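Report on the structure given below.
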Amino acid sequence: MTEGRIQKALSGFYYVDTGHEIVTCRARGKFRREGISPLVGDRVEIQEVGNGEGVVETILPRRNAFVRPAVANIDQALVIFAAKEPGPNFSLLDRFLVTMERQDIPVMICINKQDLAEEAETQQIRECYEACGYEVLF
């Protein structure tokens, strides 16, 4: 058995980075029967069958997991929002931040298109989110 991390999932194939190669894998039927799907970011044990192909045998314990996007074992999140054109959707940003907080994932907020916004607007964004403890980059 070889341990690796799923780097990409596409049409039932999982591309597992073992540290020295990317192995194209299928998941065992037991996962489907148990209602479990391997996710990008999962640490897995695979059985290599040759020619760069293998089978996902075991999904190792996850630190965290998300449905949308379907990913696991996130170390840090970087959220990018526009300051203008389109205007920032603070409700969406706040929901994302709450989701990350519930799973203890550190978040950095990056605001782009700063040149299109008034300085007072960007300062208000910075002050609001830095006061909540987030790092805000422009």
Side-chain angles (χ1 to χ4, degrees):
M1 294 273 208
T2 305
E3 190 174 317
R5 183 177 301 267
I6 297 176
Q7 297 293 312
K8 180 169 76 168
L10 184 63
S11 300
F13 289 95
Y14 300 94
Y15 300 87
V16 178
D17 183 357
T18 63
H20 61 277
E21 68 175 328
I22 304 293
V23 180
T24 304
C25 297
R26 293 287 230 167
R28 286 265 179 232
K30 70 179 182 178
F31 298 121
R32 185 173 42 254
R33 287 189 298 278
E34 294 172 3
I36 301 170
S37 291
L39 300 174
V40 171
D42 270 335
R43 291 178 314 111
V44 295
E45 289 180 342
I46 64 170
Q47 182 67 49
E48 295 186 56
V49 295
N51 292 338
E53 296 181 357
V55 177
V56 176
E57 296 285 346
T58 308
I59 299 172
L60 300 172
R62 295 173 173 158
R63 289 191 317 269
N64 51 52
F66 295 98
V67 175
R68 209 170 261 157
V71 294
N73 299 318
I74 302 300
D75 295 321
Q76 174 149 16
L78 174 65
V79 186
I80 303 174
F81 271 77
K84 285 279 188 183
E85 297 180 21
N89 181 339
F90 294 113
S91 176
L92 179 63
L93 175 57
D94 292 347
R95 282 193 321 242
F96 183 81
L97 294 173
V98 167
T99 301
M100 296 296 114
E101 286 287 329
R102 284 170 50 203
Q103 299 222 23
D104 294 322
I105 298 171
V107 180
M108 292 173 40
I109 301 168
C110 179
I111 306 294
N112 65 1
K113 299 185 181 179
Q114 171 185 355
D115 56 321
L116 302 178
E118 299 293 322
E119 188 171 332
E121 292 172 305
T122 59
Q123 190 61 30
Q124 183 180 11
I125 294 169
R126 180 186 302 277
E127 289 172 0
C128 176
Y129 287 101
E130 283 183 347
C132 295
Y134 295 104
E135 184 175 352
V136 181
L137 308 170
F138 285 88

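Only this structure's heavy atoms are used, side chains among them; waters, hydrogens and symmetry mates stay out. Quick caveat: nothing in here was measured; it's all calculated off a predicted structure.
Ile105 and Ala77 get closest at one heavy-atom pair: CG2-N, 3.9 Å. Considering every non-hydrogen atom in both Pro38 and Arg62, the closest pair reads CA-NH2, 4.1 Å. Considering all non-hydrogen atoms of both residues, Ile111 and Ala83 come closest at CG2-CB, 3.6 Å. Annotation for Gly12 and Arg26: closest pair O-NH1, 3.2 Å, computed over non-hydrogen atoms. Closest of all the heavy-atom pairs between Tyr129 and Leu97 is CE2-CD1, 3.6 Å. When all heavy atoms of Leu39 and Phe66 are compared, the pair lying nearest together is CD1-O, 4.2 Å.
Asn64 contributes a side-chain N or O that, together with a main-chain N or O of Ile74, makes up a donor-acceptor pair within less than 3.5 Å. A side-chain donor-acceptor contact under 3.5 Å links Asn73 to the backbone of Gly41. A donor-acceptor pair under 3.5 Å links the side-chain atoms of Lys30 to the main chain of Glu57, judged by distance alone. No donor-acceptor pair closer than 3.5 Å links the side chain of Arg43 to the backbone N or O of Glu3. Counting only distance, with no hydrogens or angles, the side chain of Glu45 and the backbone of Leu60 share no donor-acceptor pair below 3.5 Å.
Environment of CD in Gln124: sparse, with no more than 12 heavy atoms of neighbouring residues, nucleotides or ligands closer than 6.0 Å. A 6.0 Å sphere centred on CD of Glu85 holds no more than 12 heavy atoms belonging to other residues, nucleotides or ligands. Within a 6.0 Å sphere centred on CG of Asp115, other residues, nucleotides and ligands contribute more than 12 heavy atoms.
Gln123 and Glu119 share no donor-acceptor pair across their side chains, judged by distance under 3.5 Å alone.
Under the 4.5 Å side-chain heavy-atom criterion for grouping Ile, Leu, Val, Met, Phe, Trp and Tyr, Ile125 is connected to Tyr134 within one hydrophobic cluster. Val49 and Phe13 fall into different hydrophobic clusters, where Ile, Leu, Val, Met, Phe, Trp and Tyr side chains are chained together by heavy-atom contacts under 4.5 Å. Following chains of ILVMFWY side-chain contacts shorter than 4.5 Å, one can reach Val16 starting from Phe31, so the two form part of one hydrophobic cluster. The hydrophobic cluster containing Leu93 also contains Phe138, counting ILVMFWY residues as joined when their side-chain heavy atoms lie under 4.5 angstrom apart, directly or transitively. Taken together through direct or relayed side-chain contacts under 4.5 Å among Ile, Leu, Val, Met, Phe, Trp and Tyr, Leu92 and Val107 form part of one hydrophobic cluster.
From Glu53, atom CD reaches atom CD of Gln47 across 13.5 Å, with rounding to the nearest 0.5 Å. With rounding to the nearest 0.5 angstrom, the SG atom of Cys25 is 7.5 Å from the CD atom of Glu48. The line from OG of Ser37 to CD1 of Ile59 is 7.5 Å long, rounded to the nearest 0.5 Å. From Leu78, atom CG reaches atom CD1 of Ile109 across 9.5 Å, with rounding to the nearest 0.5 Å. A distance of 14.0 Å separates CD1 of Ile46 from OH of Tyr14, quoted to the nearest 0.5 Å. Within the model, atoms CD1 of Ile22 and OH of Tyr15 stand 11.0 Å from one another, a figure rounded to the nearest 0.5 Å.
In this structure, the side chains of Glu127 and Val136 stay at 4.5 Å or more apart for every pair of heavy atoms.
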